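Okay, so here's the structure we're looking at.
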Amino acid sequence: MKVVFVTADGDRKEVQARAGTNLLALGQASGMPLEGTCEGQMACSTCHVVIGKDWFSKLEAASEEEEDMLDLAAGVTAHSRLSCQIDLSDNLDGIEVHMPGLWHDMQIG
Amino acid sequence: MEKADVVIVGAGHGGAQCAIALRQSGFEGTIAVIGREPEYPYERPPLSKEYFAREKTFDRLYIRPPTFWAEKDVEFLLDTEVTAVDPAAHQVTLRDGSTVGYSKLVWATGGDPRRLSCPGSDLAGVYAVRTRQDCDLLMAEVDAGTRDIVVIGGGYIGLEAAAVLTKLGCNVTLLEALPRVLARVAGEELAEFYQKEHRDHGVDLRTDVGVEAFEGDGHKVTGVKLSDGEVIPAQAVIVGIGIVPAVGALILAGAAGANGVDVDEYCRTSLDDVYAIGDCAAFACDFAGGQVMRVESVQNANDMATCVAKHICGDSKPYHAFPWFWSNQFDLRLQTAGINAGFDSTVVRGDPEARSFSVVYLKEGKVLALDCVNATKDYVQGRKLVEAGAHPDLSELADAEKPLKELL
Ligand SMILES: Cc1cc2nc3c(=O)[nH]c(=O)nc-3n(C[C@H](O)[C@H](O)[C@H](O)COP(=O)(O)OP(=O)(O)OC[C@H]3O[C@@H](n4cnc5c(N)ncnc54)[C@H](O)[C@@H]3O)c2cc1C
Ligand code: FES
């Protein structure tokens with residue numbers, strides 16, 4: 001399957017991935033600026049991403065804890081998620097994953 | 001290799017993040033990372049959690065896939081170590097006598113496990129938990145049938161290890177020299193809660209006990225002798241009594257430091273062009289009233305690393321990152337925000353019996369820190385109270401029904 005990362009500057013990077021891959025690990029391996037300090041323990045929210053609108057609803061809903069943690073992230077939008085909590089599945093083929101930043105500016109600007 | 005623009009010593013959390021942040025900041029010079037362990041940088045926290053419990057394989061511990069580093073043009077010299085630093089010549093010496101020159105040096109060596117000096121401490125079967133190798137040896141012990149294990153030290157690492165071993169079916173005795181566990185990092189409420197949890201899960205947890213000696217059969221440990229003469233049988237012992245910062249070569253080179261190496265607000269040591277980050281760096285911590293301290297956490301190692309990378313790239317901002325930490329034991333997720341050093345009172349929100357509660361640490365009415373057990377909302381909202389230096393009403397603070405964000 002394919003994942004499209006979009007940097008804060010708007011550059012698109014397509015990468016191939018296998019179902020089951022963790023989105024944070026994939027983003028990091030692809031050179032995206034996702035720190036993921038707590039390795040998915042939901043203590044940091046430095047793995048925050050904004051999911052493309054068409055894909056957001058295809059994800060399994062965030063847990064209450066994840067929703068709480070998103071409060072700590074900068075540039076949160078209605079389509080924000082913690083990438084460490086997302087394991088890719090086949091129905092997400094082509095998913096667009098934006099790095100927060102400019103994306104956020106676009107939302108409010 | 002003869003020289004690199006940035007030489008990073010230590011391929012752990014801080015070292016890895018420093019290289020990543022340098023490239024992310026657009027740094028185009030050469031970067032060399034020198035590491036004592038044979039592995040590319042991996043996450044240490046799972047060594048007493050998911051990796052130890054065999055819920056995660058080692059390849060999932062890499063901070064980045066090993067191929068990432070070549071893509072980012074970061075060179076690694078692994079399985080060697082820096083034995084000397086020559087600050088005047090701007091070069092380091094490796095174990096084999098070769099030298100590597102630097103324009104900037106980043107010291108990110110963490111620490112080595114503190115050892116007990118009592119008789120028998122060099123017997124086989126006495127372990128620390130700091131590296132993958134430590135953890136693998138210990139896991140091999142368990143696989144070979146070892147069941148009676150004594151854990152010495154009731155800090156987070158010892159408690160986590162005890163929790164995993166209990167789950168794996170071992171008979172675990174945990175010995176703490178002080179009157180309670182977590183004495184260096186948490187208040188009484190949290191310590192008592194964890195003591196009870198461990199005992200309820202079958203850990204023989206004893207406080208206020210001194211270790212006299214390790215007994216052995218001439219080769220391997222067979223038991224731990226306490227100061228009162230009792231011998232606790234053990235085929236393996238884990239010593240988790242803290243670390244000694246690995247700064248010997250740097251101090252010999254003239255860097256200032258008593259407990260680790262001293263750094264200023266940009267993580268610079270007293271030596272020109274030499275930075276230090278992570279577990280080994282002592283700094284005046286804004287979140288502890290300016291007290292000079294070392295902070296042993298992934299957060300601190302990563303954020304200091306980023307601070308240094310930016311400083312090297314000309315974007316200088318003093319280190320002022322919010323401190324946080326986590327620990328997993330049994331099904332309990334602890335998240336801590338802030339540093340409680342110097343607290344004079346505590347408020348408990350929620351009911352520890354319900355296994356979801358928070359301890360708020362205050363000094364003169366100001367919120368310093370929180371320990372949140374299975375209470376992510378409090379962690380998130382409490383963090384904002386710490387950042388704001390809030391002085392909330394204490395009865396409202398104690399009301400678990402009242403969201404902390406309303407107390408800002
Ligand atoms: C079992 C365990 C569980 C933990 N759990 C948590 C947790 O849940 N949450 C949390 O926030 N923190 C946790 N920590 C702490 C966290 O791992 C450390 O704070 C963090 O690793 C510090 O990063 P560092 O870069 O300073 O040091 P390290 O990650 O220790 O890296 C230092 C590296 O430098 C190497 N080195 C030392 N001397 C030399 C030399 N002279 N030359 C070359 N290389 C050298 C060392 O071998 C090591 O590989 C845990 C630590 C352990 C051991
Ligand atoms: S990596 Fe820390 S919350 Fe996702």
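Bear in mind that the values here come from a model prediction, so they are computed numbers and not experimental data. Just so it is clear: chains get the letters A, B, ... in the order the sequence lines come, proteins before strands, and each one is counted from 1.
- Rounded to the nearest 0.5 angstrom, B:Thr376 OG1 and A:Asp71 CG are separated by 11.5 Å.
- Across B:Lys49, B:Gln17, B:Glu71, the residue that shares the most heavy-atom pairs under 4.5 angstrom with chain A is B:Gln17.
- The backbone N or O of A:Met42 sits less than 3.5 Å from a side-chain atom of B:Gln335, completing a donor-acceptor pair.
- Pairing each heavy atom of B:Val298 with each of A:Thr37, the nearest pair is CG1-O, 3.4 Å.
- Within a 6.0 Å radius of NZ in B:Lys56, more than 12 heavy atoms belonging to other residues, nucleotides or ligands are found.
- Interatomic distance, NZ of B:Lys377 versus CE of A:Met69, reported as 12.5 Å (0.5 Å rounding).
- To the nearest 0.5 angstrom, A:Ser45 atom OG is 6.5 Å from B:Arg383 atom CZ.
- Other residues, nucleotides and ligands contribute at most 12 non-hydrogen atoms within 6.0 Å of the CZ atom of B:Arg60.
- Rounded to the nearest 0.5 angstrom, B:Phe325 CZ and A:Cys44 SG are separated by 14.0 Å.
- Formation of a donor-acceptor pair under 3.5 Å by the B:Arg333 side chain with backbone atoms of A:Gln41 is found in this model.
- Residue contact with chain A, scored on non-hydrogen atoms closer than 4.5 Å, involves the side chain of B:Lys72 exclusively.
- When heavy atoms are compared at a cutoff of 4.5 Å, B:Ile63 approaches chain A solely by way of its backbone atoms N, CA, C and O.
- Rounded to the nearest 0.5 angstrom, A:Gln28 CD and B:Ile20 CD1 are separated by 7.0 Å.
- Only the side chain of B:Thr306 has a heavy atom closer than 4.5 Å to any heavy atom of chain A.
- Contact of the B:Pro45 side chain with the A:Glu39 side chain is registered, since non-hydrogen atoms from C-beta on lie closer than 4.5 Å.
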Check against side chain to side chain contact (heavy atoms under 4.5 Å, CB included), B:Tyr379 and A:Asp68:
CA-CA 9 Å; B:Tyr379 171 67; A:Asp68 288 341; over 6 Å; no

